[in-house]
Amino acid sequence: MKIASWNVNSLRVRLPQVLSWLKKSDVDILGIQETKVEDGSFPIKEIEEAGFFCDFIGQKTYNGVTTISKIPPKQVIKSIDGKEQEQKRILLTRYKDDLTILNLYVVNGSEVGSDKYKYKLKWLKSVKNFIKKDLKKTKYYLILGDFNIAPHAKDLSNPDSMRDKVSFHPKEHALLLELIEFGLSDLFRKFDQRSGKFSWWDFRTHGFERDEGMRIDYILANSVLTSSCQACIIDTEAREQERPSDHAPVIAEFKL
DNA sequence: ATGGTAGGCGCCCTA
């Protein structure tokens, strides 16, 4: 069983890449972030023709998440605590055999101290509270997505200049740690301790060509799933293509 | 003092 996460930075633009990547990678479940597509124009037909079910929550221009899967979910939740999301950033799906996938597109936050940054912290707190309550509902629990936080110094190319900046700030690290302490593991770090392994590279600075980026996309698993995880990699090949997303997919493989 | 690119939208915003 393979489960992956990918911020595609516009599903409409990246759809051909996503469809060919699905064939190549043979994943069973893929959580996608930044679809930037309203529900009414979501490419259901193309994804179903590729052999996947899809659930989605989107909006015009910004944000938007979808989780596509070879088996249909038993339950889909698009709200947090029964409240409609003002920004469409979170999608929960549950499957047979007691598996939950929580797909997150964490707020970017723009700059420390800005209104967007305050919203990032507030959003993270509310999601954390939701997770705390939801985590015990299924035996297998996976949180994947674009977290917009580089967890440690080895997860970004220039930690000293990024210290206390957005995506590498103690307030964000504290919230991430509270999540981890619910009993979750960053699957990539179960297998690979090297520095300089990134999932996102800035277009503006030609970060990919310069090997400068951050590891801000990851897959967090509860202890049962962490034990059954056999591999977790970042597929940088997807970032080498013509007209790529600024993020590469993260793939975890399980014996289930 | 804040460039550079990309996507969506429409001449600017967000990442």
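Each chain gets a letter, A, B and so on, in the order its sequence line appears, and its residues count up from 1.
- For A:R12 and B:dG8, the CZ to P distance is 6 Å, given to the nearest whole Å.
- For residues 102-117 of chain A, proximity to DNA chain B is found at A:Y105, A:N108, A:K116, defined as any non-hydrogen atom under 4.0 angstrom from a strand atom.
- A:R239 and A:A248 make their closest contact through CB-CB, 4.4 Å (heavy atoms, listed as atom of the first residue, atom of the second, distance).
- Taking atom CD of residue A:Q87 and atom P of nucleotide B:dC13, one finds them 16 Å apart after rounding to whole Å.
- Counting to the nearest Å, the P atom of B:dG7 and the CD1 atom of A:I32 are 16 Å from each other.
- Comparing the P positions of B:dC9 and B:dT14 gives an interatomic distance of 14 Å, to the nearest angstrom.
- A donor-acceptor pair is defined here as one N or O able to donate and one able to accept, closer than 3.5 Å; no such pair exists between the side chain of A:R215 and the backbone of A:S199.
- Using a 30° and 60° split on the angle between ring planes, A:H247 and A:W200 fall in the tilted class, from 30° to 60°.
- Closest to the side chain of A:S10, out of B:dG8, B:dC9, B:dA15, is B:dG8.
- Taking the P atoms as reference points, B:dT2 lies 26 Å from B:dG7, given to the whole Å.
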Tabulate atom names and distances for all N/O pairs under 3.5 angstrom spanning the protein and nucleotides 1-6 of chain B.
{"from": "B:dT5", "atom 1": "O4'", "to": "A:F203", "atom 2": "O", "distance (Å)": "3.3"}

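- Between A:I77 and A:R94 the shortest heavy-atom distance is CD1-NH2, 4.0 Å.
- Residue A:Q59 contributes atom CD, which lies 12 Å from atom C1' of B:dT14 at whole-angstrom precision.
- At whole-Å resolution of the value, CG in A:N63 and P in B:dC9 are 13 Å apart.
- Atom-to-atom, CG of A:D217 to C1' of B:dA15 comes out at 13 Å; the value is rounded to the nearest Å.
- Within the nucleic acid shown, A:R239 has no heavy atom closer than 4.0 Å to any nucleic acid atom.
- Comparing A:H247 and A:T61 along DNA chain B, the residue whose closest nucleotide (by nearest heavy atom) sits nearer the 5' end is A:T61.
- Hydrophobic clustering, with ILVMFWY side chains joined whenever heavy atoms are under 4.5 angstrom apart, groups A:I68 together with A:V27.
- In this structure, the side chains of A:H169 and A:Y117 come closer than 4.5 Å at one or more pairs of heavy atoms.
- Remark: the separation of the C1' atoms in B:dG10 and B:dG4 is 23 Å, to the nearest Å.
- Spacing between atom CH2 of A:W200 and atom P of B:dA15 amounts to 12 Å, rounded to whole angstrom units.
- B:dT5 sits 23 Å from B:dA1 when the P atoms are compared, rounded to a whole Å.
- Using a 4.0 Å cut-off between charged side-chain N and carboxylate O, A:D202 and A:R210 make no salt bridge.
- Between A:K70 and A:D26, at least one side-chain nitrogen of the basic residue sits less than 4.0 Å from a carboxylate oxygen of the acidic one, meeting the salt-bridge criterion.
- Residues passing the salt bridge (Lys or Arg N to Asp or Glu O under 4.0 Å) test with A:D211: none are found, sequence neighbours excluded.
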